[in-house]
Every structure is written in C-alpha cells, then in structure tokens.
Amino acid sequence: MGEVFYVTTPIYYVNDMPHIGTAYTTVAADAVARYQRLKGRRVFFLTGTDEHGQKVAQAAAERNQNPQDWADSMVPHFKETWRILNISNDDFIRTTDNRHTKVAQVFIQKLKDKGDIYLGTYEGWYCVYDESFLLSSQIVDGGCPECRRPVEWVKEENYFFRLSKYADRVLKHIEENPDFVQPESRRNEVISFIKSGLSDQSISRTSFTWGIPLPFDARHVMYVWFDALLNYISAIDFGSNMKRFEEIWPADLHLVGKEILRFHAIIWPAMLFAAELPLPKRIFAHGWLTVEGQKMSKSLGNVIAPKELVDEYGADAYRYYFLREFSFGIDGNFSRRTLLGRYNAELANDLGNLSSRVLTMVMKYRDGIVPEPKASGAEENRLREIIPEILAKLDVKMAALAFNEALSAVWDLVHALNRYVDVSAPWSIASDPSKKKELDTILYTSLEGLRILALLIYPFMPETGRKIWERTGMSEKITQARIPEAANWGALRPGSKIVTGEPLFPRKPE
RNA sequence: GGCGGUGUAGCUCAGCGGUAGAGCACACGGUUCAUACCCGUGGGGUCACAGGUUCGAAUCCUGUCACCGCUACCA
C-alpha cells in the first residue's frame with residue numbers, strides 16, 4: 001500500500017481568485033513533488049478546486065448564473081496560475097467531477113450503513129459565509145466571530161457524523177505519532193482542542209441545494225467540508241479502482257494552511273477511521289503571508305495575484321523567493337523590497353553571474369568545448385568534497401519541509417563555485433600555453449560544479465535548472481536525471497559543446 | 001480566564017548549559033573571467049527586564065513587561 005509518494009495541496013475554494021497565499025502552498029507542494037521525483041520516487045501530486053456550498057451558490061446567483069457555470073468560469077484561473085508557475089501536478093480534481101461526487105456518495109453511505117451518521121436537529125446561529133454553526137456565546141456584536149458578517153438563526157434537520165465516537169482514537173493517533181501533525185506548535189493546539197471535547201458534526205444542509213445529494217435522503221446535500229476532504233481519495237479512484245487506490249493511498253503529505261488544519265487533523269482522520277481506511281502519514285500546516293506588514297484582504301485592496309509577480313520576475317524567481325524567504329511553518333511577510341533584494345543579490349549576482357562567467361570563459365578559452373580535466377589539486381578536491389555534504393543537508397531539510405534552509409544549503413555550492421573560480425583565476429593563465437592542462441582542469445571543474453548545481457536547483461527552479469544543465473553541454477534530459485547518481489562527479493563528458501545564452505536573471509534597478 | 005509561543009547586531013532570523021552567529025545593509029581591501037559582478041576582511045549586540053539554580057545561563061527555573069496563536073467565558 002502507498003508505494004507512490006502522494007502529496008496534496010488543499011482544493012481551493014472557487015469563490016476567491018488565486019493569490020500569493022494560495023500559490024504558496026502549491027509552489028511548496030511542487031518543490032516536494034519534484035524533489036521526490038528527482039530522487040527516483042514515483043509521485044502523485046494532486047491539487048484541485050472546491051466548488052460546492054452556499055457561498056458559491058450565492059456568488060453565482062448574484063451574477064445570474066447557475067453555480068456550475070460560475071465554477072466553470074473560475075477553474076481556468078487556477079489552472080492558468082499553476083501553468084505559469086510551472087506546477088507539475090499529476091491531476092486536478094474538481095468536487096463537481098462525476099468521479100468525485102460518486103465517491104463522496106459511496107463514502108457517506110458506508111458511514112451511514114455503519115451507524116456513524118444519524119439524523120438530528122440543529123437550532124441556533126449560522127454563518128452563511130463560513131457555513132458554520134455558532135453558539136450564541138460566540139457571536140460578536142451580532143456577527144460571526146470569524147468573518148464579522150451577520151449571522152442567521154436557523155432551525156434545520158441535519159445528519160450528524162459521530163465525531164465524538166472517534167475523538168479518543170484520533171487523539172491517541174496524534175499523540176503516538178509526533179510527525180502526524182506538524183509543526184509541533186500546531187499539533188499542541190490540535191491536541192488541546194480535542195481534549196476540550198468534541199461534539200458530533202453536522203454534515204448535511206437542507207437550506208440550499210448546491211451540493212452533493214445524500215444517497216439516503218435526497219432532501220439533503222453534503223456539508224461542503226465533508227465533501228471537500230474526500231477529494232484526496234476520489235482523485236485516486238477509491239471505490240472504483242481499488243488496485244490503483246491502494247498503490248497511492250495513504251497520502252504521504254497533506255499540505256494545508258493553518259486555518260484549515262482542524263478539518264484535516266481531526267475530522268478527516270475520524271472519517272477515515274470510520275471508513276476503516278489508513279490515515280495520511282503527515283499533515284503539515286504552513287503559516288500565512290502578510291503583505292508589506294498587513295494582512296492580505298480584499299477590503300485593504302492588497303491582494304496580489306501571482307501573475308503580477310511572474311510577469312515581472314519570471315516563474316523561477318517567484319518560486320525561489322517564496323521558498324527561500326520564509327520559514328514554511330510560520331507566518332511570513334511578503335515585501336517588494338525583499339523580493340527585489342533576493343532577486344538581485346542571490347539570483348542575478350550569485351547564481352546568474354556564476355553561470356555567465358563560467359560559460360563565457362569556456363567559450364572564450366576553449367571555443368565552447370568541454371575540456372579534458374587533468375589531476376585534481378587541493379582546490380578541486382575541496383570543492384568536490386562539499387557536494388556530498390550539501391546533498392545530505394538538502395535531503396534532511398527537504399524532509400523537514402525547511403525549504404529556506406534547503407536553498408541555503410544549495411547556495412553553499414553557489415558560493416563555493418564562485419570562490420573556486422576566484423581562487424583559481426583561470427583568466428590569469430589563459431594566454432600561457434604551458435598552463436594549458438591547468439586551465440583545462442579549472443574549466444572542467446567549474447562546469448561540472450555548475451552541472452551538479454543545476455540538478456540541485458531543479459526542484460525549486462525547474463526552468464533554470466534545465467537551462468544551466470543544457471548550457472553545460474549535457475545532452476541527457478535533466479528530467480531523466482536522478483540523485484544521488486547524477487550528482488556523482490564526472491558525468492560531464494569532455495568534448496561536449498557548451499551553450500551560452502541570455503543572462504538567466506538580468507539585474508533589476510533598485 | 002486557561003493553555004502555548006515569541007522577544008538575540010540597523011533589518012530578517014539561527015543558536016537553546018561551556019569564550020555571542022548567518023544573510024542583507026554599511027565600511028575597507030583584492031580581482032577584472034563575468035549580469036558594475038565575485039572573493040576576502042571589518043565595525044556593530046549589558047541575547048526584553050528583574051531575581052534564582054549552576055564552576056559556568058542567550059540557553060534551565062520564577063516573576064514582570066510587550067507582542068502573537070489556540071481556547072473559554074462574562075457582559
């Protein structure tokens with residue numbers, strides 16, 4: 001079971017356009033997926049959209065559209081955003097897909113048959129926007145404590161899921177598996193929340209119809225969260241192709257924002273226990289992004305679309321910035337100043353310039369032909385020795401989802417290469433025929449270092465990794481390369497032809 | 001109110017019992033292959049504050065202040 005490395009993003013709610021917060025999760029998931037593929041794992045990387053619920057129905061009604069048309073019109077914005085960010089998802093699930101609604105119905109029927117779902121009545125306050133029931137004590141100034149919108153008094157018949165029945169099992173699982181919910185601070189919050197007592201969850205609605213009908217009572221539609229969580233199994237053919245399902249499930253990693261951790265860490269495991277399915281191996285809640293020190297919100301008008309930044313900096317610089325600047329588990333602040341600063345200092349000056357200077361010298365001194373290296377000296381050995389260390393560190397940091405530290409480790413190689421070139425000073429011996437072998441060795445070593453660097457960069461910046469790889473004269477595709485083998489010294493063949501090109505990251509004015 | 005976290009160089013943060021660290025910014029030196037880039041060196045911190053434990057505390061304990069998260073409750 002679960003031979004495939006299965007990584008997921010949340011499915012994004014179609015009422016909002018994708019923004020840098022949405023993309024943050026997806027970019028991180030993509031780096032994980034690409035890194036695992038680079039290591040030779042079979043990977044299944046899933047993202048998608050969450051399309052049911054009252055909010056969608058209302059948004060559609062405001063535009064005189066039916067909900068399906070409205071959702072259909074929103075989905076391309078997500079797909080396009082993932083395309084321009086070079087996201088390598090293997091599938092895109094929509095909760096309005098037939099394959100999803102079928103699975104959701106099969107799943108809920110199974111729980112009903114088991115007696116884990118019962119009919120009850122709810123009377124109380126309800127926030128339409130958040131689709132959540134509220135205690136009167138939670139009401140703040142007559143509004144929802146979360147979104148501040150007015151609340152409604154409702155009385156309706158609902159089906160309930162016996163969450164309370166599984167509370168102890170979920171708690172035990174979280175306590176016995178320290179890696180199940182991360183980071184630790186979030187795990188502690190989840191534990192204390194469960195300990196404070198869980199009540200059964202209302203999982204159906206009758207006040208509107210935009211949802212998946214309950215197979216055992218067509219007057220009800222499924223509560224949007226119950227529906228949404230099931231995307232993780234509907235996309236991999238639960239119930240219809242169990243062979244495939246078992247190859248992929250359980251998920252190795254659910255990446256979520258901190259605001260939806262509770263659904264993933266409590267309700268989802270309880271649902272899986274009820275269905276007698278294995279639990280995901282790990283749920284990681286990342287932090288939120290502020291923009292120039294302020295919470296990102298429509299009312300403040302500071303919501304940033306990824307496209308805006310990609311148009312200016314390119315997809316790879318975008319990806320690099322968001323993975324390098326922030327510590328994944330905690331909140332971070334996006335600012336134009338730090339984006340520009342990292343772009344110029346780390347991408348243009350450090351990496352781009354390194355690539356230029358090495359390739360230019362090979363072109364200039366050896367007509368673009370990869371030279372045959374001779375005996376390694378102390379500086380060559382020093383450079384070569386750090387590569388296994390960096391590989392090891394990269395692996396540890398990627399396992400911890402510490403993308404910023406992983407990239408920092410990769411940049412150790414960038415700096416080491418720049419230092420190597422300086423110390424070796426190939427330009428000082430370029431015109432001395434008696435130093436030909438020495439120059440050959442320096443140029444080969446620089447190129448080979450650059451080639452390996454391309455490989456390590458690839459999960460984070462796929463286009464840049466590919467370009468550098470090809471420019472160093474590698475004819476094999478980087479997509480076929482695997483670490484650690486491809487990171488072994490000496491794969492670059494003397495006699496190959498290197499390629500120069502436009503600067504990878506042209507410096508931008510401050 | 002309860003539980004938890006954070007407070008370290010101008011900025012962002014790492015360190016979490018053994019002589020204060022990184023990157024950026026700043027200053028100086030080297031170099032000229034390269035995207036006016038790279039490499040090296042340096043200045044800069046009573047590690048929030050006050051007590052305590054210890055041979056020794058940024059690191060452990062207690063208290064205070066500030067900010068943050070989760071949660072509860074009163075009106």
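Keep in mind that the numbers below use all heavy atoms, side chains included, and drop hydrogens, waters and symmetry copies. Every chain is numbered from 1, with letters handed out A, B, ... down the list of sequences.
E405(A) has its CD atom 11 Å from the C1' atom of rG15(B), to the nearest Å. Protein atom OH of Y321(A) is 19 Å distant from nucleotide atom P of rG23(B), rounded to whole Å. For R337(A) and rU12(B), the CZ to P distance is 9 Å, given to the nearest whole Å. Straight-line distance from the CG atom of N404(A) to the P atom of rA14(B): 9 Å, rounded to whole Å. Distance L407(A) CG to rG23(B) P: 16 Å, rounded to the nearest Å. Between D440(A) atom CG and rC33(B) atom C1' there is a gap of 16 Å when expressed in whole angstrom units. Between the CE atom of M361(A) and the C1' atom of rU35(B) there is a distance of 14 Å, rounded to whole Å.
Look at the P atom in both rG45(B) and rC49(B): the space between them is 14 Å, to the nearest Å. The same atom, P, is picked in rU62(B) and in rG43(B); the two are 38 Å apart, to the nearest Å. If you take atom C1' in rA27(B) and the same atom in rG44(B), they sit 11 Å apart, rounded to whole Å. Rounded to whole Å, the separation between the P atoms of rA22(B) and rG40(B) comes to 12 Å. Separating the P atom of rC38(B) from that of rG23(B) is a span of 13 Å, rounded to the nearest Å. Between the C1' atoms of rG2(B) and rC60(B), the separation comes to 24 Å (whole Å). The same atom, P, is picked in rA25(B) and in rC39(B); the two are 12 Å apart, to the nearest Å. One P atom belongs to rG51(B), the other to rC16(B), and the distance between them is 27 Å to the nearest Å.
Side-chain contact check for T47(A) and Y12(A): no donor-acceptor pair (N or O, by modelled atom type) lies under 3.5 Å. For R384(A) and S376(A), the side-chain atoms include at least one donor-acceptor pair closer than 3.5 Å.
Within residues 424-435 of chain A, the residues approaching RNA chain B are W427(A), by heavy-atom distance under 4.0 Å. Within residues 182-202 of chain A, the residues that place at least one heavy atom under 4.0 Å from RNA chain B are, in residue-number order, R186(A), E189(A), F193(A). Residues of residues 446-470 of chain A that place a heavy atom closer than 4.0 Å to RNA chain B do not occur. Less than 4.0 Å separates RNA chain B from at least one heavy atom of each of the following residues of residues 411-421 of chain A: H415(A), N418(A), R419(A). Of the residues in residues 363-371 of chain A, those placing a heavy atom less than 4.0 Å from an atom of RNA chain B are K364(A), Y365(A), in numerical order.
Of all the heavy atoms in S446(A) and V421(A), the pair that sits closest is OG-CG2, 3.9 Å.
As judged by a 4.0 angstrom heavy-atom cut-off over every strand, L354(A) is placed among residues making no nucleic acid contact. Residue contacts shown for G341(A) are absent, as no nucleic acid heavy atom lies under 4.0 Å away. Residue contacts for D350(A): at a heavy-atom cut-off of 4.0 Å it reaches the sugar-phosphate backbone alone, with no base atom in range.
Between K436(A) and D440(A) a salt bridge is recorded (basic side-chain N to carboxylate O distance below 4.0 Å). The residues E463(A) and R319(A) are annotated as not salt-bridged, no charged nitrogen and carboxylate oxygen being separated by less than 4.0 angstrom.
Ring geometry for F505(A) against Y343(A) counts as perpendicular: the plane angle is over 60°, on a 0 to 90° scale with 30° as the lower cut. The aromatic rings of Y166(A) and F161(A) lie parallel to each other, with less than 30° between the two planes, well short of the 60° mark. Taking the six-membered ring where the residue is Trp, F322(A) and F334(A) present parallel rings, their angle staying beneath 30° rather than reaching 60°.
In terms of the salt bridge (charged side-chain N to carboxylate O under 4.0 Å, His left out) criterion, residue partners of R357(A) (sequence neighbours excluded) are, by chain and number, D422(A). For R162(A), the side chain to side chain contact (heavy atoms under 4.5 Å, CB included) partners two or more places apart in sequence, or in a different chain, are D116(A), Y118(A), K165(A), D200(A). N344(A) meets the side-chain hydrogen bond (donor to acceptor under 3.5 Å, both in side chains) test with E510(A); sequence neighbours excluded. Not counting sequence neighbours, A399(A) has no partner by the side chain to side chain contact (heavy atoms under 4.5 Å, CB included) test. Every residue meeting the side chain to side chain contact (heavy atoms under 4.5 Å, CB included) condition with A487(A), not counting sequence neighbours, appears here in chain and number order: L391(A), I452(A), L455(A), I483(A).
Residue E346(A) places its side chain closer to rG23(B) than to any other of rG23(B), rA34(B), rC33(B).
In this structure, R342(A) is not positioned above the aromatic face of Y320(A) in the sense of NZ or CZ being under 6.0 Å from the six-membered ring centre and within 45° of the axis.
Listed by first and then second residue, the side chain to side chain donor-acceptor pair (under 3.5 Å) pairs that reach into residues 397-407 of chain A are K397(A)-E405(A), sequence neighbours excluded.
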Problem - Verdict with reasoning, F403(A) to H286(A), per ring-ring contact (aromatic ring centres under 6.0 Å, His included) - result: CA-CA 12 Å; F403(A) 306 110; H286(A) 65 72; 10.0 Å; no
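Atom NZ of K508(A) has more than 12 neighbouring heavy atoms from other residues, nucleotides or ligands inside a 6.0 Å radius.
L309(A) is listed as a side-chain neighbour of R336(A), based on a closest heavy-atom distance under 4.5 Å.
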Problem - RNA chain B base-pair string [pairs: Watson-Crick or G-U under 3.5 Å; |: paired with another strand] - result: ((((((((.[[[[.)..(..]]]].(((((.......))))).....[[[[[..)....]]]]])))))))....
